[in-house]
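First up is the structure itself, then whatever we jot down about it.
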Protein chains: 2
Amino acid sequence: MSENVPTLSDVAAHAGVSLATASRALNGSARTVNPALQERVLASASALGYSANVQAQAVARGTTNVVALVVGDIADPYFASIASGVVRVADERGLIVTITATGLYAGAASVEREQAALTALRGQRPRAVVLAGSRVVGAEPPTTGRERVAVVGSGAPGLRTVSVDNTGGAARLAHELRSLGYADFAVIAGPEELVTVRDRVDGFRSVAGEVPVEHAEFSRDGGRRAMSALLASGARPECVFAVSDVMAIGAMAALREAGIRPGEDIAVAGFDDIPLVADVTPALTSVALPLADIGARALELALSDDGGTEDAAPVAAEVRLRASTPRR
Amino acid sequence: MSENVPTLSDVAAHAGVSLATASRALNGSARTVNPALQERVLASASALGYSANVQAQAVARGTTNVVALVVGDIADPYFASIASGVVRVADERGLIVTITATGLYAGAASVEREQAALTALRGQRPRAVVLAGSRVVGAEPPTTGRERVAVVGSGAPGLRTVSVDNTGGAARLAHELRSLGYADFAVIAGPEELVTVRDRVDGFRSVAGEVPVEHAEFSRDGGRRAMSALLASGARPECVFAVSDVMAIGAMAALREAGIRPGEDIAVAGFDDIPLVADVTPALTSVALPLADIGARALELALSDDGGTEDAAPVAAEVRLRASTPRR
DNA sequence: CTGAAAGCGCTAACAT
DNA sequence: ATGTTAGCGCTTTCAG
């Protein structure tokens with residue numbers, strides 16, 4: 001009793017027209033079709049419960065309506081926010097989003113995983129691909145076929161990039177923190193191979209000077225571990241800058257475990273301004289990035305026709321001071 | 001200079017073999033192929049940078065390797081966690097996951113959007129679809145073609161369901177809260193049409209009795225608004241149960257805005273135990289759901305061969321008491 | 001405006 | 001074991 005899915009020929013037969021006419025009636029072909037026939041075909045289609053096989057359409061047309069999104073970890077609020085922007089514009093344009101997670105590995109593993117993901121993606125012949133996974137310093141820009149790809153964050157020459165002003169944002173944050181009276185800093189960072197990490201650290205240091213940096217995984221636990229390590233080494237900075245909010249939250253947890261009150265004994269600042277960051281206590285000072293918009297923009301950029309690698313102006317990163325860094 | 005993507009025939013020609021042999025060499029066909037030829041074909045393939053067109057494969061094979069995921073909003077940590085589980089098992093099995101967002105609307109809008117999403121999905125001929133968007137009370141189970149679908153949360157007869165013990169979890173939460181000394185409750189809920197919402201409210205009430213319920217959107221802002229409304233109406237419960245953590249966090253914000261200390265003046269509890277919930281202050285009491293596992297399980301269930309609608313045992317929901325509901 | 005027929009890139013009988 | 005040849009479901013010339 002294999003309920004066979006109706007095909008276009010079924011519809012054509014049912015409506016008593018040719019395959020070609022059925023096709024033209026059901027999709028916005030350039031050709032027009034007699035309204036009466038149009039009507040009949042539509043009726044038959046819905047009578048049979050027809051729905052076009054997009055794969056077949058893709059093969060016939062030689063072009064898909066798939067856009068691929070590559071993220072580190074979709075459960076991470078940073079990527080999830082970007083993804084929501086991508087999904088929104090894709091839905092608006094009737095495109096299908098496929099999603100691949102590379103995991104947030106360091107070094108070679110990361111490059112490999114990203115390359116593997118891209119290779120797999122090529123088979124999908126996506127109209128566009130948005131790479132939101134952090135790229136590795138010095139790594140070759142991921143090779144893609146001829147598909148349009150846009151990268152979020154740390155661009156690469158030759159790839160369309162929604163560049164984020166990581167360096168400037170971190171620098172401004174450092175500046176604001178100094179204005180608040182902080183002079184003694186430490187930095188908690190993700191894997192140092194990641195361009196984003198490097199940029200944020202560099203930006204911060206450009207203002208704060210040669211502050212100690214502790215690296216760990218790019219996660220809440222990484223933040224916790226890095227903070228613990230810092231404390232274990234005897235460091236007692238006035239203020240800790242974590243290169244991502246997720247790490248900052250881990251750092252706060254580590255402080256509490258050590259009996260240190262974040263925001264009071266040691267100030268904490270993060271980066272990204274993910275949702276909920278204003279809801280932790282003390283509310284976390286952060287550098288806001290319009291993540292969903294960035295995702296939306298990345299897809300639009302990837303999809304856009306103008307050939308060039310025209311990086312639009314970098315997305316501004318805005319410092320948001322909150323209770324975790326009180327005036328000192 | 002349109003770099004034409006190499007096709008299988010190109011590879012076959014380059015290797016001097018037939019299309020069929022090339023196909024068999026490059027994919028794990030049942031047939032085997034002479035190692036020498038195999039070698040040649042593989043070499044040609046990589047020389048030309050060939051990568052199989054999955055769409056064409058799908059058409060030829062009559063089956064895709066796409067699984068579709070329908071969520072309310074991918075930026076919501078609840079859905080994002082589920083998605084990460086789905087993506088994980090899909091990646092393991094070499095499946096592509098496509099993602100559609102319905103938005104978290106109430107009532108008719110929700111049903112419509114979900115149906116629209118499903119209709120669009122049918123065109124993809126997915127191997128399986130996982131529905132994580134909350135279903136509406138009394139609505140027809142979403143009609144799907146013959147594709148395997150699994151629903152997360154509030155099941156529907158006839159659909160494979162990873163059922164979550166929302167009712168029991170909420171009931172146990174109420175019980176624990178009473179044990180802590182709370183007697184006077186209020187509930188902050190999402191749209192009352194959602195089955196999940198109804199179940200959690202019912203479960204809570206089954207133990208706590210006829211407590212007042214304030215409905216709002218299923219979001220942080222909804223939680224904030226609902227809490228404000230409650231306060232404006234003069235309510236001063238000892239403890240507020242928000243049917244989701246995201247709403248609970250909004251409720252806490254509303255309390256603070258009103259000069260009320262969450263956890264001290266009014267206790268707050270949530271549901272889902274999303275990441276970071278332990279990091280807000282006071283740490284939020286919640287009912288833990290293994291979201292990523294639920295996603296993984298849903299996909300496995302949708303994919304599974306055994307025909308039936310065998311709902312596995314409901315996923316246990318575990319109460320996690322934290323500082324937001326101190327002993328009273 | 002409509003229909004017949006040739007593909008799209010690949011797989012799977014069916015020969016050989 | 002390899003090659004030939006129909007298709008898969010759809011679009012799109014190209015004729016009528």
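Order of the sequence lines fixes the chain letters, A, B, ..., with proteins taken first and strands second; residue numbering starts at 1 for each chain. When reading the values below, keep in mind they use all heavy atoms of this one structure, side chains included, and skip hydrogens, waters and symmetry mates.
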Between B/Ser23 and C/dT11, does any side-chain N or O lie under 4.0 Å from OP1 or OP2?
yes

Taking C/dC10, C/dG9, C/dA4 as options, the one with an atom nearest any side-chain atom of B/Ala52 is C/dC10

Looking only at C/dC1, C/dT11, C/dT2, the nucleotide nearest the B/Leu19 side chain is C/dT11

Indicate whether the side chain of B/Arg125 and that of A/Ser51 have a donor and an acceptor atom separated by less than 3.5 Å.
-> yes

Among C/dT11, D/dC10, D/dG3, the one nearest any side-chain atom of A/Ala56 is D/dC10

Here the distance between atom P of D/dG3 and atom CZ of B/Arg40, to the nearest Å, is 9 Å

Here the gap from B/Leu301 atom CG to B/Ile294 atom CD1, rounded to the nearest 0.5 Å, amounts to 12.5 Å

Check your understanding: B/Asn27 side chain N/O closer than 4.0 Å to the phosphate oxygens (OP1, OP2) of C/dC10?
Key -> no

Whole-Å distance, A/Arg61 CZ to C/dG7 P, equals 20 Å

Taking D/dC10, C/dG9, D/dT2 as options, the one with an atom nearest any side-chain atom of A/Asn53 is D/dC10

CD1 of A/Ile99 to OG1 of B/Thr98, rounded to nearest 0.5 Å, is 10.5 Å

If we ignore angles and hydrogens, is there a donor and acceptor under 3.5 Å between the side chains of A/Gln124 and A/Thr64? no

Checklist line | Check: B/Arg88 main-chain N/O paired with B/Asp91 side-chain donor or acceptor under 3.5 Å | finding: no

Rounded to whole Å, the CD-P distance (B/Gln124 to D/dG9) equals 18 Å

Testing C/dA4, D/dT2, C/dG9 for proximity to the side chain of B/Thr7, the answer is C/dG9

Winner on side-chain proximity to B/Gln57, out of D/dG9, C/dT11, C/dA4, is C/dT11

A/Leu37 CG to C/dC1 C1', in whole Å, measures 9 Å

- Task: State, without any angle test, whether B/Ser18 and B/Thr21 hold a side-chain donor-acceptor pair at a distance under 3.5 Å.
- Result: yes

Under 3.5 Å, is there a donor on one side chain and an acceptor on the other for A/Ser304 and A/Arg160?
yes

So which protein nitrogen or oxygen atoms get under 3.5 Å of nucleotides 13-16 of chain D's nitrogens or oxygens?
unit_1 : atom_1 : unit_2  : atom_2 : d
D/dC14 : N4     : A/Arg31 : NH2    : 3.2

In whole angstroms, the gap separating C1' of C/dC8 from CD of B/Gln55 amounts to 12 Å

**Prompt:** With sugar-phosphate meaning primed atoms plus P, OP1 and OP2, does A/Ala58 contact a base, only sugar-phosphate, or nothing at under 4.0 Å between heavy atoms?
**Reply:** nothing

Per atom distances to the A/Ala60 side chain, the nearest of C/dT11, C/dG7, C/dG9 is C/dG7

Notebook entry, point to check: Does A/Thr21 have a side-chain nitrogen or oxygen under 4.0 Å from the phosphate oxygens OP1 or OP2 of C/dC1?
Noted result: no

